[in-house]
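What follows is a single structure, written as structure tokens, with notes after it.
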Protein chains: 2
Amino acid sequence: MHPEFETYLRRSDLSEEAVRKISDLAVARKLRRNELLLSAGEICRHKVFVVSGLLHTFNISAGGTQHILQFAPENSWTLDVESYDRQIPSQVSIGAVEPSTILCWQKKDFDMLLAEVPQLKKFAEGLIARNIHYSRKRILISLSATPEEKYEDFIQTFPDYLARLPLRMIAAYLGISIKTLTRIRHAQLQR
Amino acid sequence: MHPEFETYLRRSDLSEEAVRKISDLAVARKLRRNELLLSAGEICRHKVFVVSGLLHTFNISAGGTQHILQFAPENSWTLDVESYDRQIPSQVSIGAVEPSTILCWQKKDFDMLLAEVPQLKKFAEGLIARNIHYSRKRILISLSATPEEKYEDFIQTFPDYLARLPLRMIAAYLGISIKTLTRIRHAQLQR
DNA sequence: TGAAATTATGGTCAGCTGACCATCTTTAGC
DNA sequence: GCTAAAGATGGTCAGCTGACCATAATTTCA
């Protein structure tokens with residue numbers, strides 16, 4: 001039904017039965033470039049898996065500046081976790097950076113799957129742990145690193161994003177201005 | 001055995017049997033002011049509950065500047081999550097800001113409790129969700145807020161910390177210099 | 001393919017921020 | 001209670017950073 005997703009799940013040691021059960025409840029959807037999956041103010045009602053393409057979770061501040069909380073490339077998950085968990089309006093938007101294909105589960109269906117498929121529960125816990133570890137790292141970097149160190153860490157951590165994202169989005173993710181990012185890159189060229 | 005902790009657990013609807021089972025495996029410990037519970041480089045081997053006092057999780061960067069990831073007041077939990085989960089050396093230290101009393105569980109004991117006490121598992125999941133929501137908020141603020149907005153948000157979110165913490169620690173938590181924090185406070189006095 | 005939009009870079013400048021140092025106040029701990 | 005340490009504030013200054021504007025290159029999509 002959703003072959004790429006099923007391959008992804010099987011790699012994580014889920015049984016064929018579990019894979020089928022999960023996959024059967026997913027609904028596929030395509031997003032055009034710049035199309036929004038979730039707008040700030042709406043309630044996030046779906047768990048989302050990215051089959052192909054690239055999404056980003058962002059917020060536009062009062063002055064109109066964009067700030068990016070997360071990128072979600074193929075074979076990753078995304079949603080606004082607070083809005084999804086509590087079913088309250090989201091503070092952020094989720095949109096497609098590239099044309100993308102995604103799978104969506106209704107919250108009630110996914111909750112049911114988590115309750116009935118222990119392997120999925122275990123798998124989800126692993127994702128959550130990774131998420132927590134990475135958030136900690138990001139907070140520590142935002143506290144301690146210079147703009148140049150932030151950029152260096154970014155291209156080390158996500159080597160392929162440099163070619164897929166406009167620089168202004170990298171700046172919006174790092175919390176520095178595009179001008180500062182350009183200056184860093186210019187300085188690095190001199191070396 | 002540990003009355004304050006047991007009261008805390010009971011408030012979260014854990015059965016008396018569960019409370020007893022969890023409490024029985026805890027070992028109490030006292031920390032003097034500035035005493036370290038975990039030093040960077042060590043492996044975090046315990047789950048820790050703060051009965052009284054105040055701990056902080058921090059990192060000292062190359063230049064000698066302190067950066068604070070988290071405060072843990074009475075009735076909260078703390079540990080270095082990545083070091084604990086993977087049993088690898090920690091990048092951060094945990095120390096007592098105030099003289100404190102804590103409870104410690106060995107990782108293997110707590111893992112056993114999580115497996116055998118479903119109510120505890122559920123409870124822990126709630127804590128994890130709160131942690132994730134707050135981390136997201138903190139990342140968004142670090143990306144988008146001015147130093148003054150960060151300070152305002154801090155005293156809104158943690159009203160009582162202002163009286164318990166030296167300002168330099170608040171600055172170290174917000175990722176701004178003590179000088180900038182002083183300037184903000186000075187400016188606010190003028191109004 | 002071609003026109004419009006987006007993107008990247010550079011110049012300039014104001015001003016915020018942090019580093020360093022000194023002073024005064026408060027707190028800790030014996 | 002007393003002494004030493006820690007903390008908070010202020011002055012000064014260099015320089016990093018972002019805002020604004022212009023230009024050139026690239027990409028999108030009709």
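Letters A, B, ... are given to chains in the order of the sequence lines, protein chains preceding strands, and every chain is numbered from 1.
For the side chain to side chain donor-acceptor pair (under 3.5 Å) criterion with B/E98, the lone passing option out of B/R32, B/H56, B/R33, B/R164 is B/R164.
Within the 4.0 Å cut-off from OP1 or OP2 of D/dT9, not a single side-chain nitrogen or oxygen of B/H186 is found.
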Protein-nucleotides 2-7 of chain C N/O pairs under 3.5 Å:
{"from": "C/dT7", "atom 1": "OP1", "to": "A/R168", "atom 2": "NH2", "distance (Å)": "3.1"}
{"from": "C/dT7", "atom 1": "OP2", "to": "A/R168", "atom 2": "NE", "distance (Å)": "2.8"}
{"from": "C/dT7", "atom 1": "OP2", "to": "A/R168", "atom 2": "NH2", "distance (Å)": "3.2"}

Look for any protein N or O under 3.5 Å of an N or O in nucleotides 12-16 of chain D and output each such pair with its distance, or none.
{"from": "D/dT12", "atom 1": "O4", "to": "B/K179", "atom 2": "NZ", "distance (Å)": "3.4"}

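At a threshold of 4.5 Å between non-hydrogen side-chain atoms, the residues A/R136 and B/V81 count as touching.
Pairing each heavy atom of B/E74 with each of B/G53, the nearest pair is OE1-O, 3.1 Å. Between A/D80 and A/I94, the shortest heavy-atom distance links the atoms N-CD1, 3.8 Å. Closest of all the heavy-atom pairs between B/Y84 and B/K107 is O-CE, 2.9 Å.
For the pair B/I184 CD1 and C/dT17 P, the computed distance is 7 Å after rounding to whole Å. To the nearest angstrom, C1' of D/dT9 lies 11 Å from CG of B/L189. Note: CD (B/E35) to P (C/dG29) measures 12 Å, nearest angstrom. If you measure from atom CG of A/N34 to atom C1' of D/dT27, you get 12 Å, rounded to the nearest angstrom.
Atom CG of B/D13 is surrounded by 12 or fewer heavy atoms from other residues, nucleotides or ligands within 6.0 Å. By the neighbour-count criterion of 12 heavy atoms within 6.0 Å, atom CD of A/Q91 is sparsely surrounded, having that number or fewer from other residues, nucleotides or ligands.
Side-chain proximity of A/R185 to the nucleotides C/dT9, D/dG10, D/dG18 is greatest for C/dT9. With distances taken from any side-chain atom of A/T182 to the nucleotides D/dT9, C/dG10, C/dT17, the minimum falls on C/dG10.
In the helix from C/dT1-D/dA30 to C/dC30-D/dG1, the terminal helix axes, each the rotation mapping four pairs' C1' atoms onto the next four within five end pairs, subtend 80°, rounded to 10°.
Ring to ring, A/F71 and A/F158 are not that close: their centroids are 6.0 angstrom or more apart. Aromatic ring centres of B/F49 and B/Y8: separated by under 6.0 Å.
Between B/K137 and B/D153 there is a salt bridge, since at least one side-chain N of the basic residue sits less than 4.0 Å from a carboxylate O of the acidic one.
Relative to the ring axis of B/F5, B/R10 does not place its NZ or CZ within 45° and under 6.0 Å from the centre.
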